[in-house]
Amino acid sequence: VRRGTCAVGVRGKDSVVLGVEKKSVLKLQDPRTVRKVVLLDDHVCMAFAGLNADARVLINKARMECQSHRLTVEDPVSVEYISRYIAGVQQKYTQSGGVRPFGISTLIIGFDKDKNGQSVPKLYQTDPSGIYSAWRANAIGKSATTVREFLEKNWKEDMLEDEVVKLTVKSLLEVVQTGSKNIEIAVMKNDGILLNLTADEVDAISKIIEKEKEAEAEKNKKPGQPSSLGPVPMQS
Amino acid sequence: MQVLIGIAGKDFVLTAADTTTARSIVVMKHGEDKSRLLNKHNLLLYTGEPGDTVQFAEYIQCNIKLYEIRNGLELGTSACASFVRKQMAESLRSRGPYNVNYLIAGASKKGEPELYWGDYLAASQKMPFAAQGYAAYFVMSTMDRYWRPDLSLEEARVLLQKCLDELKTRFIGNLPEFLIKVVDKDGVRIIA
């Protein structure tokens, strides 16, 4: 799992965003068939880090469970329910004989209707041991700790959609060497629809981030001594 | 659970289902919707054994949803019809066969309408106009006489009205209210 490509999830006020690092596609490979962000149901989707084949099996089980839940309970799954289910499956395979644990961590995003009928965004993470928990922002896969620290520093309460997207892209850019071409972003808003940002849109956002970074760097250089670092130097 | 009628027009399918739920001589409920939306452009109308019908329809609905989520593709009407027929066939020789007769009405995104008639013996047939239940005995001949290919919505409504009038005159059962839906390339909507 730690060697899998990075995936980031960030929860905002009324939107939740998943960003994944796409493994660089070899020349002959058809890029469309390599999908790392998948729909589990209309209002729930997930990204994973780790062994793709294991993920396929788990995704299939989760999708069937979503529909099965709809059939028996006549209600779509809540994000917590399906996270619990996926975690439960992952745990089962750590306890039976003759099987090995699923080698993936997942980030599950979606919207739930709360008591007042409002749609609330949710982000959950599961890992191979079968633990699941809710997060405000998280990262899995390669360099997850770096990204998580970055997120801890920069996550704010009640972010709007563009800020959430920008934060996701920013955090991925920290660790993705090859730049915005290898980043895939999926945005889910409270109407439940999943939007995949096109490569151009991702590019545009990363350019904005670049500009902001440069502006920051300029500002810090201007007064001659960076005022945010170290003690205030003496004026001569 | 008595009457279903479907008429395929130029780029839509007009469907009508009665809205009563009855057990022998007692009418239990008015305003029952005997259809389930399979996906944006396909509608399954059902009639038959009361528990079986809803159970079967919802089972089909969830399975079609699963297929679409797995494959990212909306299923076309003939694919839906084949799937439903297969499920019917499997249930037929099982412990508890589903006693459900159905119509599947669908329009592709390009607006080509398709209507499938299926029954509890797992028969399935694509038809330009169809009816299930006692209505079939009366209404098929009316539609035989007046249906033409490429009906507009207005003309189809006139034809449907003729069928419903026929039922009112000649059918002993009293069916006061029908739920009429149109399936076309924009989806499914109810019309008065």
Side-chain angles (χ1 to χ4, degrees), chain A residues 18 20 30-48 52-79 81-83 85-86 89 106 108-111 184 186 188 191-196 198, chain B residues 21 29 31-46 48-76 79-80 82-84 86-88 90-91 94-100 102 104 109 186-188:
Chain A
L18 272 179
V20 290
D30 189 344
R32 281 170 300 141
T33 57
V34 186
R35 303 246 48 224
K36 276 202 64 175
V37 178
V38 291
L39 258 184
L40 292 184
D41 200 351
D42 289 330
H43 60 299
V44 184
C45 94
M46 75 176 238
F48 58 90
N52 283 33
D54 283 4
R56 226 173 29 228
V57 172
L58 211 50
I59 290 171
N60 220 12
K61 282 190 202 249
R63 280 174 170 162
M64 292 225 287
E65 178 61 23
C66 282
Q67 295 310 312
S68 188
H69 185 272
R70 261 190 210 246
L71 189 56
T72 47
V73 181
E74 289 219 348
D75 252 345
V77 291
S78 66
V79 188
Y81 177 88
I82 198 67
S83 310
Y85 176 78
I86 292 178
V89 174
T106 71
I108 300 161
I109 64 168
F111 279 85
E184 197 178 302
M188 193 172 254
D191 54 5
I193 311 232
L194 186 70
L195 281 172
N196 276 309
T198 62
Chain B
T21 314
K29 180 183 176 194
E32 167 97 22
D33 182 3
K34 297 181 186 169
S35 66
R36 285 284 186 272
L37 204 56
L38 296 181
N39 57 38
K40 187 159 177 249
H41 300 102
N42 288 301
L43 189 66
L44 172 72
L45 300 118
Y46 50 82
E49 183 93 37
D52 283 355
T53 46
V54 180
Q55 178 70 354
F56 181 71
E58 294 193 341
Y59 174 74
I60 296 289
Q61 199 181 25
C62 281
N63 268 298
I64 300 226
K65 191 85 212 246
L66 183 60
Y67 180 93
E68 295 187 350
I69 292 198
R70 269 203 186 128
N71 300 292
L73 275 181
E74 200 183 281
L75 267 181
C80 284
S82 308
F83 177 70
V84 177
K86 181 87 194 315
Q87 295 299 307
M88 228 9 152
E90 279 172 4
S91 100
S94 75
R95 182 187 41 84
Y98 284 113
N99 194 352
V100 181
Y102 58 88
I104 297 185
K109 265 184 279 234
D186 298 321
V188 179

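Naming convention: chains lettered A, B, ... in sequence-line order (proteins, then strands); numbering from 1 in each chain.
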*Could you tell me the separation between the CE atom of A:Met64 and the CG atom of B:Leu66, rounded to the nearest 0.5 Å?*
7.0 Å
*Stepwise, does the side-chain contact (heavy atoms from CB on, under 4.5 Å) test hold for B:Arg70 with A:Asn60?*
CA-CA 8 Å; B:Arg70 269 203 186 128; A:Asn60 220 12; 2.6 Å; yes
*Are side-chain heavy atoms of A:Arg70 and B:Gln61 found at a separation under 4.5 Å?*
no
*Give me the one residue out of A:Leu40, A:Val38, A:Asp41 that meets side chain to side chain contact (heavy atoms under 4.5 Å, CB included) with B:Ile69.*
A:Asp41
*Do the non-hydrogen side-chain atoms of A:Arg63 and B:Lys65 ever get within less than 4.5 Å of each other?*
no
